[in-house]
Each structure stands twice: as structure tokens, then as C-alpha cells.
Enquirer: 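One structure, pasted below without further comment.
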Amino acid sequence: MEPMACQWTDAPHSMGTTIMAVEYNGGVILGADSRTTTGVYVANRASDKITELTDNVYLCRSGSAADSQVVSDYVRYFLNQHTILLGRLATVKTASTLVKELSYQNKSFLETGLIVAGWDKYEGGSVYGIPLGGTLLRLPFATGGSGSSYLYGFLDQAWKSNMTQEEAEALVVKSISLAIARDGASGGVVRTVTINEEGVQRKFYAGDKLPLFHEEIAPRPTPIHAN
Amino acid sequence: METHGVMKVTCEHPLQQILNAWARSVSTGQSFKKNPKPDSISEPVEMARYDRAITVFSPDGHLFQVEYALEAVRKGNAAVGVRGTDTIVLGVEKKSTAKLQDARTVRKILKLDEHVSLAFAGLTADARVLVNRARIECQSHRLTVEDPVTVEYITRFIAGLQQKYTQSGGVRPFGISTLIVGFDPYTGVPALYQTDPSGTFSAWKANATGRNSNSVREFLEKNYTETSGAETVKLAVRALLEVVESGGKNIEIAVMTKNEGLRLLDEAEVEEIVAGIEAEKAAVEAAKKGPPRDQ
């Protein structure tokens, strides 16, 4: 009898994902869900899709997990050298351009959508979207991943310029939660990273801390059975 | 993504080779043979102009090019390195800068990675090339093995590179000796290494290179003790002051700690330390002379 080829375990890791980054008055906020899948199996339900490029610039990864990891590794490799040679922090623009170079020049091999966001003293907070083909576009806010489809209409209405940190953070958490509710490939917890002049702050919102929407059932702790 | 320039090598037509050999014989006055033997046994007949070895053994076993490179180092500005228990100090002699020159761009203490730094004595341009290669290697190491380099690893790499240039065609050795300092990324143990143009390296508690390095090393041998923090800085400055004109303008000091990495002291700080050392020296002199005698 031949062993059954299991699509679950053999499929490459993909991050269905919802990722986003928003510019606010003083910095940027990056947000992401935490579901990594191989086929329909959730390989990691608490993954960290927001990766550090430098002290002041972070990257949101979506699409192929392997491709996005390799791109971020290479960008860190170049940016470290750049920082040591320059003697000061790299700008968000430089980091984004490096990511774009890798994405565009290797477009036939890669399948990853990325969002670069950070803070530098020249531009303040900036967000750059780098979707599949390797376009580089600076935006006031950017979304990506399969879950982003469900956010276009919502953000058209809910986003406004010059938000405070609290407003921006609430918007990010609400957006990711909405996407998780509708997109099967997004789920788990919500992670946010806030970057401003003072530095970087990571936050973690467990499933039960997320806002609930129409028809959603509140998560209950699993009862412990005495056996 | 990076491409290396490939040197074009032209292969000469045999008739051209004969013509060149004849032309050479005309200019040198030596007789010309139709089928000349190649100059050295290892070299094929004039295939490429760039594979002739420059660093070769003398009859009594010396590599003169390497020894001449060490001469170049001996003429370079003094550099000193001192290893403490939690602090490592690098100091270099700063030649007085021209009035119009921007002193900040003349750097003799360089960062290789967040936890490793280098000071050198000798040809500045050679150092720049070597440091660039080392910086790339530091990041390449991080990328492939997901770990920062150890001080020993990067020293071995730099020394290996220096050795390669003593055994390759068409190149000369690097005219620098380096002092490489840093902390082990996991154990936090401080380290100081020295490399030279021959490609040898070894670890030291304290060392000096460049101009008058023997005097500085002698001083260190006499006065070295296990120190930490400001004491280590003072020892390095005292050692450098043995051969350098006194004053913050002529000395550049960099201090490395595990948590803060490399920090270049600014001129005022150096002046303060120098002033402190001078005051101590004066006090010792006064004490030697004894209390003033009664009239």
C-alpha cells in the first residue's frame, strides 16, 4: 500500500494573512494576524509576521513564508553594512528601496507581498507598500495579504489623516479583527508594532481581547475535564 | 546580486610573441632567441600579464615584500589596544590635521560590526579595502549561520586575507597591522587580537603597533594590570602618551563595552583624562623631591 501523500504536511508554508501599516501623527503602527498555513492545516497559530529590518524600520510579511523570510534576511544583510558604513540609522526609504530591488529583480521566483514601515528623523513616520510585482509606493496606510480584500471598503470610510497613537492603534486592531472574522486564511492573535521617535513598542492582543462583530460568538475558555 | 569584475586576459598570436621578444631584446640589449624560454618555470609563455608572483623567497628564506610592508607599518601612526575585564580601549596617534581638513573624515578606529572594532597602523587606503571586505564578511556570517562573528573568527578571516596577498600573482601585501577588539557575542568575554602583513595573528592582553610601538609595548609590559572601566582607558592613554605629543588634539580614543558597543571619546573627554594623568605625574615628581627643607 502506498503511503497517502498528505497535502497538509507537504504543501509549502503560506501566510494567508492580513497585514497593515498606518502612519499617525508622530510615527507608524504595523499590525498583523498570526496564522501560517500549509494547505488547510494551521502550521503556526501564533506566528510573528512583523520582522525587524533595523532598529527603526520593520517589515510586514505576507504570501510565501519562505520567500518573505529570505527577502527580509537579505535586506537585513545589506542594511547592516549600510548602517555601519554610514555611521547612523538607515532611512525608511532606503530600507524600502532595498526590499523593492529584491522583489522586482527576482519577481519570477518570489511570491510575497510586503509592507515596510518605520520612523526616521527626516520624514518622521513613513509607510511603503511593496506588492507582488515589486512596485514601490509610499502611502499614508497600506494593507496586504488575503484578508486585506475585506478591508478596502472599511478603511475608505474609517481612515483619517493625522490620527493620534491611540486612534491609529484602535483602527489597526479593529481592521485586523474584521479581516480575521471573514478570511479563513487569517486568524490567531493580533500583533502590533509601534515605531516613533522614542523607539519601538510591541503589543499583543490575544483572541479574547479582540472586538467582536455582527454574529460572532464570544470565545470561551476550554473547560478542563478531570479524567 | 553582486557581480565581480572579470579581468580580460588576451592570448597573443605566436608571431606577435616573437615580435615582442625581439622588441624587448632591442630595448634591453640582450640577445633574442626565436623560441625564448619563459622567465620562471611556473609561468606559461606570456599568457596573462598578471600572474607573476611578486612576493617570492630570498635565498636566505626571507619574504622581502612582507618585511618591507612591516616597514610601512613601522612608519605609520602609533596605535594601542588594551583589554580590561569589562572594557576594551583602542587609541591612535592623530597627526595634526591641516586647517582646512575636516577631521571627522579621517578615521583610524573603525567599526566592523556592532560588537567588533578595528584600529590599524600603516597605509590608510589598504586598511579601507581590508575593512570593507571584513564588514561584508561580518554580515555574510550573520546571514548564513544566523550568529554574529566571534572576534577570533573575523581576525582569522582578516589574517587569512593578508596571507593570501603574500602568495598570489600580481598583488602586493597589505601595508597594515591591525588591532581587532570586541566581545564574544554570547559569553561576553572581551578579546584583543593583532594581525600583520604576513598574515599571522595572535591574542593579546595589551599591544601596540605603528611608530615607536616597541617603547609603547615596553611600557605596557611594565605597567599592565587587570583593570576595568576608566582605569583601562587611563592605561591606554598613558601608554600612548609615551610616544605621542601630549594633548587631546593628538590622541583619538575609542572605548568599547559589551552593552554600548564602540564609543569615540570627544576631544574634551580626552583632554580631561590627559590632564588627570599629567597631574598625577606632577604629584609623583613633587613627592620624589621630598618636603621643602626648612630655611
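Below, chain A is the first sequence line, B the second, and so on; all start at residue 1. It should be emphasised that the depicted structure is a prediction, and the values quoted were computed from it without experimental measurement.
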Enquirer: Does the side chain of A:Asn162 come under 3.5 Å of the side chain of A:Tyr24 through a donor N or O and an acceptor N or O?
Expert: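 No donor-acceptor contact under 3.5 Å links the two side chains.
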
Enquirer: Quick one: do the A:Asp183 and A:Ser146 side chains pair a donor with an acceptor below 3.5 Å?
Expert: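 Per modelled atom types, A:Asp183 and A:Ser146 side chains form a pair under 3.5 Å.
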
Enquirer: Who among B:Lys111, B:Arg135, B:Glu114 has the most heavy-atom pairs with chain A under 4.5 Å?
Expert: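 Top count of heavy-atom pairs under 4.5 Å with chain A: B:Arg135.
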
Enquirer: Looking only at side chains, do B:Thr195 and B:Gln162 share a donor and an acceptor under 3.5 Å apart?
Expert: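 Yes, a side-chain donor-acceptor pair sits under 3.5 Å.
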
Enquirer: Given a strict heavy-atom distance threshold of 4.5 Å, which part of B:Leu110 is in contact with chain A: side chain, backbone, both, or neither?
Expert: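 Neither part, no heavy atoms under 4.5 Å.
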
Enquirer: Between B:Gln139 and A:Tyr77, is there a side-chain donor-acceptor contact under 3.5 Å, judged purely by atom types and distance?
Expert: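 Side-chain D/A pair, A:Tyr77 to B:Gln139: absent.
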
Enquirer: Can you tell which part of B:Asn132 gets under 4.5 Å to a heavy atom of chain A, answering side chain, backbone, both or neither?
Expert: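 The side chain, not the backbone.
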
